[in-house]
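Lettering follows sequence order; numbering is per chain, from 1. Just the heavy atoms: all of them, side chains too, but no hydrogens, waters or symmetry mates, feed the values below.
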There are 2 protein chains.
Amino acid sequence: MKKSALQKARAAYQPKLPIVLTGAVKAVEGKATNSVADQEDIQKLFPNTYGLPEIHFEKGPAVKSAPINVGVILSGGQAPGGHNVISGLFDGIKKVNRDSRLYGFLMGPGGFVDHKYMELTASYIDEYRNTGGFDIIGSGRTKLETKAQFDKGLEILKELNIKALVIIGGDDSNTNAAILAEYYKSINAGVQVIGCPKTIDGDLKNEMIETSFGFDTATKVYSEVIGNIQRDCNSSKKYWHFIKLMGRSASHIALECALQCQPNVCIISEEVEAKKETLNDIVNSIADVVAARAANGNNFGSVLIPEGLIEFIPAMKALIAELNDLLADNAEEFAKIDRQNQLSWIVDRLSSENASIFNSLPEGVARQLCLDRDPHGNVQVSLIETEKLLGEMVGRRLNEMKAEGRYVGKFASMFHFFGYEGRCADPSNFDADYCYALGFNAACLINAGVTGYMSSVRGLTKPSVQWTTGGIPITMMMNMERRHGAMKPVIQKALVRLDGAPFLKYAAQRDTWAINTDFIYPGPIQYFGPAEVCDQPSLTLRYEHENR
Amino acid sequence: MKKSALQKARAAYQPKLPIVLTGAVKAVEGKATNSVADQEDIQKLFPNTYGLPEIHFEKGPAVKSAPINVGVILSGGQAPGGHNVISGLFDGIKKVNRDSRLYGFLMGPGGFVDHKYMELTASYIDEYRNTGGFDIIGSGRTKLETKAQFDKGLEILKELNIKALVIIGGDDSNTNAAILAEYYKSINAGVQVIGCPKTIDGDLKNEMIETSFGFDTATKVYSEVIGNIQRDCNSSKKYWHFIKLMGRSASHIALECALQCQPNVCIISEEVEAKKETLNDIVNSIADVVAARAANGNNFGSVLIPEGLIEFIPAMKALIAELNDLLADNAEEFAKIDRQNQLSWIVDRLSSENASIFNSLPEGVARQLCLDRDPHGNVQVSLIETEKLLGEMVGRRLNEMKAEGRYVGKFASMFHFFGYEGRCADPSNFDADYCYALGFNAACLINAGVTGYMSSVRGLTKPSVQWTTGGIPITMMMNMERRHGAMKPVIQKALVRLDGAPFLKYAAQRDTWAINTDFIYPGPIQYFGPAEVCDQPSLTLRYEHENR
């Protein structure tokens, strides 16, 4: 691997470990816990791992521990800092006993089931410290859900004498980690399972898990390029930039970038849903901002759009559901319709309400809704170019407003989608430290003998040396939700709270940002400069903590 | 303007001025110059400013100079560092005499013609030092070409007692600067005109102008996000990323990013043209790389594509030319054709060779070629999503190869276009220093009394304090080219040279990069770290200089 100059310089970075983890620790048990909801159901499903106490670590006497073999899995989409979780875990188990060993399962949970793995040695780990990506062992989206998978995985754990498995993943992967922990406990498999909270989307968080790793770095990369685009926009003063941002289930990314960059408009899916807004409502509100700025001579601006928006618009959700049924029920007939008659065939068969929404869509989007279906026959919502959809519809709306004398200006638009640009960036100092601490702390949880816990590092707006660490029973974060037609225990997803500090900060300023040009240009992540540039956590985290 | 933490820290950066410019200088004349071609024609067109000597600056005795009023224009697309050219110019004329004044014309050459301007004061300038963007005075694309514009502009110059005008622009803007200089000289207007070489495209360079400013920073931003995408690609191992990069007239940006990131494929437009490759040739060569990697189990990779590619494919150029004529000659008839019959109407009327190319295009692109036309009736080539065109065609080609048993693999693609992300980034240390020196040096050229010169700072691979500076007669870079049907004097555009060191370095390694996964991940621009991370000029520049 040929390394860039930055990678070489960055390899020397020593993550700042919380002071409590720098010496020997003892695990201190707190109160027994309950799940956030549906306590009875969850308890029934997790008889062996429900109600465990929270744990925090304090300085303790040095105790000699036997070497332990540990396995690690990267699950799901990439997030900056995964390599540091693994290097922290490695250093943690080596500190316990230098003969401990770490095995990485390759390409995600699939490698665990298929017995594909490698031993992670010191020299191999050193190649990946403080770097982005999950390429150290690869990642994958196989879901660990079935007893057959659990048993198959146990074979390789036995073969390698692995006593603990660390699963680095998002809410689904950690839910499955809890189910796996429960199962191994129920059969006395002698294998602990520990989770680590990963996702750039920022939707795995709660009182005890203050943020998921990767969110900080990814939003900083997006904010860099959004800032650059806004500066371009404010220099040539002739384009509206519609910028879609990853984050399908929640709008934390868009919100954080809005707080960082102060765009003219940022759509928050959770608000759209709460207010039962229609696509036209959204289009009209953007068009109103464009017109108001045009009245001041400003025919330019920026609009941030969360990737998952479409699914949060109740009327679009209803349309998509009807389309899915219609096309599934009439697949053969539809396949015979000529391309030019497809759209009218559909309109004729939709309920009048949905037909009128369907008719209001630009042709390209309408076609996308009926043609590109996933293997289950459902619309691939993530393929819909929401940024172009909104841009086109805003353009049409402005033409109407112009005819009504309510808009005088020129409207030209540019489109962007940022996601892959940030998922594998080199971790910011925050994520580098946080991830290393999460991994190191996971080793301490293993040494404490617990299972079904998530590694928890808290007090994250303080300097990293002051962070507190411990473990949270994963069942504590669970509730029951309907998935694929059946009620399942799952970790509650953290959506943007409309009564939360980050959203309120945004809501309080957005009318000003809409009309003025109050762009901020954050610039690229810095690793070597002054602390106020290099070591600041996300604004989302800072605002959330201000109110605590 | 609310500033980001980085902007605040960066405001304190003091660009490292070439040592020669730190004290009083004297202008030393070199030999009289000739244009690079068409000497007789150019001389006829520039009787007053042709054949001027090169100038370089040496330390000289301090001479008391009168205050001077100077005007400055930002012309054309944004490039990182424009603000530093202006701050260097400001500091330069203030050093000559603290009562000198700098006026900025607003929103490009249009502000000059329309008499829209502002005085640039010390406190205003300070807000913009070391920042990206052209928002200090805005930029625009109005071309300064006519006597009426020149005379109109002269009115405001006289009114403000401006004795020198600095035009910061690309090859066209500097061509016009030369024409303006010649005109003002011919009428004894008493106004000097000095150009500064700007363009992220990197196509304004020659023996005396080693690089245009902005190229360094923009390519570093693109390389950052390309690197991040490649790391993502190498972590999930399931996508081919097709990445289009700005640069319509030349492929310097794509080439530099390829040297920085080592993608699996990079198309160089100049090579496509030289080898008379067809669209199918390009598609086949990419498909071959995809298949070869798939044979090794690697169903992922990266492809870099220069924005202007289509116009460099001789066969596509011919098709577009015929389409332009066909649709212009039959506009009325075509307008009456039903959408579903448009493509076949066209195919029936094209020459058989062009019809077959047209038929081979994905429908979306074919429609783009016949529908979206600019006000002159020409295809808007820049709107063609070349990255999707290639991705789709490669997919089709792979299906054929699969049927022939020559490809076993899975092909899924993702598309990106980077341009606006880099044009207004905060300048790298290189661009911050280079731009400041260009502007400061322009002040020295003004003080030396010359006109029709471009500010020239050389020896750019050395530390900035060792750079040499001077001025080059713009006519020296000119030749005659056909533009809009007539022969015009223009600055020769610097395309990627297929015998140049940067291309040869790439060509020597690309077969290895294609099959292996040799990705490099450069990471974001750093401003505060070690010199080997923060102060390296582009690889293009370094390789070009190795051979000097």
Side-chain angles (χ1 to χ4, degrees), chain A residues 1-10 74 77-78 82 107 131-135 138-140 221 224-225 227-237 239 241 260 262 338-340 414 416-417 420-426 518 520-530 532-534 536, chain B residues 1-10 74 77-78 82 107 131-135 138-140 221 224-225 227-237 239 241 260 262 338-340 414 416-417 420-426 518 520-530 532-534 536:
Chain A
M1 182 159 56
K2 189 173 160 190
K3 290 188 178 171
S4 67
L6 175 59
Q7 275 183 281
K8 283 180 208 158
R10 185 73 179 152
L74 289 166
Q78 284 82 261
M107 300 311 293
T131 60
F134 277 8
D135 44 309
S139 181
V221 174
E224 174 200 354
V225 289
N228 288 355
I229 287 171
Q230 288 187 158
R231 191 133 208 173
D232 200 288
C233 173
N234 191 29
S235 297
S236 65
K237 300 188 192 294
Y239 293 118
H241 291 269
Q260 293 282 354
Q262 304 192 172
D338 274 349
R339 185 180 153 83
Q340 65 260 35
M414 291 282 172
H416 313 268
F417 171 43
Y420 297 95
E421 292 77 2
R423 303 197 314 175
C424 287
D426 290 331
D518 286 339
I520 294 181
Y521 317 118
I525 294 174
Q526 298 296 300
Y527 300 101
F528 307 103
E532 68 274 18
V533 175
C534 299
Q536 298 307 316
Chain B
M1 182 159 57
K2 189 173 160 192
K3 290 187 178 171
S4 67
L6 175 59
Q7 274 183 283
K8 283 181 206 157
R10 185 72 178 153
L74 289 165
Q78 284 83 259
M107 300 312 293
T131 61
F134 277 8
D135 43 309
S139 180
V221 174
E224 174 200 354
V225 288
N228 288 356
I229 287 170
Q230 288 187 158
R231 192 135 208 172
D232 200 287
C233 173
N234 191 30
S235 297
S236 66
K237 300 188 191 295
Y239 293 119
H241 290 269
Q260 293 282 354
Q262 303 191 172
D338 274 351
R339 187 180 152 84
Q340 65 259 36
M414 291 282 172
H416 313 268
F417 170 43
Y420 297 95
E421 292 77 1
R423 305 198 312 176
C424 287
D426 290 330
D518 286 338
I520 294 181
Y521 316 118
I525 294 175
Q526 297 295 302
Y527 300 101
F528 307 103
E532 68 274 18
V533 175
C534 300
Q536 299 306 316

Looking only at G77(B), P522(B), C233(B), G422(B), most heavy-atom pairs under 4.5 Å shared with chain A are made by P522(B)
Distance col, row F134(B):CZ vs N234(A):CG, nearest 0.5 angstrom, shows 13.5 Å
Scanning both residues in full, the closest heavy-atom pair of N228(A) with V221(B) reads ND2-CG1, 4.2 Å
Scanning both residues in full, the closest heavy-atom pair of G523(B) with D426(A) reads CA-OD2, 4.3 Å
d(K2(A) NZ, Q262(B) CD) to nearest 0.5 Å is 4.5 Å
Turns out that what part of E224(B) lies under 4.5 Å from chain A's heavy atoms comes down to side chain
*Does S4(B) reach the main-chain N or O of I520(A) with its side chain, forming a donor-acceptor pair under 3.5 Å?*
no
Cut-off 4.5 Å, heavy atoms of chain A, and the answer for F417(B) is neither
Open item on the list: If you apply the rule side chain to side chain contact (heavy atoms under 4.5 Å, CB included), what do you find for Q340(A) with D338(B), and how did you get there?
Closed with: CA-CA 11 Å; Q340(A) 65 260 35; D338(B) 274 351; over 6 Å; no
When rounded to the nearest 0.5 Å, the distance separating OG of S236(B) from CG of L74(A) is 12.0 Å
Pair count under 4.5 Å, heavy atoms only, with chain B: among G132(A), G133(A), S235(A), highest is S235(A)
Comparing K8(B), Q78(B), M414(B) against chain A, the one with the most heavy-atom pairs below 4.5 Å turns out to be Q78(B)
| Has the side chain of E421(A) got a donor or acceptor atom that lies under 3.5 Å from a matching backbone atom of V225(B)? | no
Residues passing the ring pair (Phe, Tyr, Trp, His ring centres under 6.0 Å) test with Y420(A), sequence neighbours excluded, are H241(B)
Any donor-acceptor pair under 3.5 Å linking the side chain of Q526(A) with the backbone of I525(B)? yes
Most heavy-atom pairs under 4.5 Å with chain B, out of C534(A), A425(A), G138(A), belong to A425(A)
So, the part of R10(B) with a heavy atom under 4.5 Å from chain A: the answer is neither
Looking only at G227(B), P530(B), G140(B), most heavy-atom pairs under 4.5 Å shared with chain A are made by P530(B)
Turns out that what part of Q230(A) lies under 4.5 Å from chain B's heavy atoms comes down to neither
With chain B, the option among Q260(A), Q7(A), E532(A) that has the most non-hydrogen atom pairs under 4.5 Å is Q7(A)
The salt bridge (charged side-chain N to carboxylate O under 4.0 Å, His left out) partners of K3(A) (sequence neighbours excluded) come to E127(A)
Honestly, the part of D518(B) sitting under 4.5 Å from a heavy atom of chain A is neither
Separation between SG (C424(B)) and OH (Y521(A)), nearest 0.5 Å, reads 8.5 Å
If one checks every heavy atom of Q536(A) against chain B at 4.5 Å, the contacting part turns out to be neither
Max heavy-atom pairs within cutoff under 4.5 Å with chain A, candidates A5(B), G82(B), P524(B), goes to P524(B)
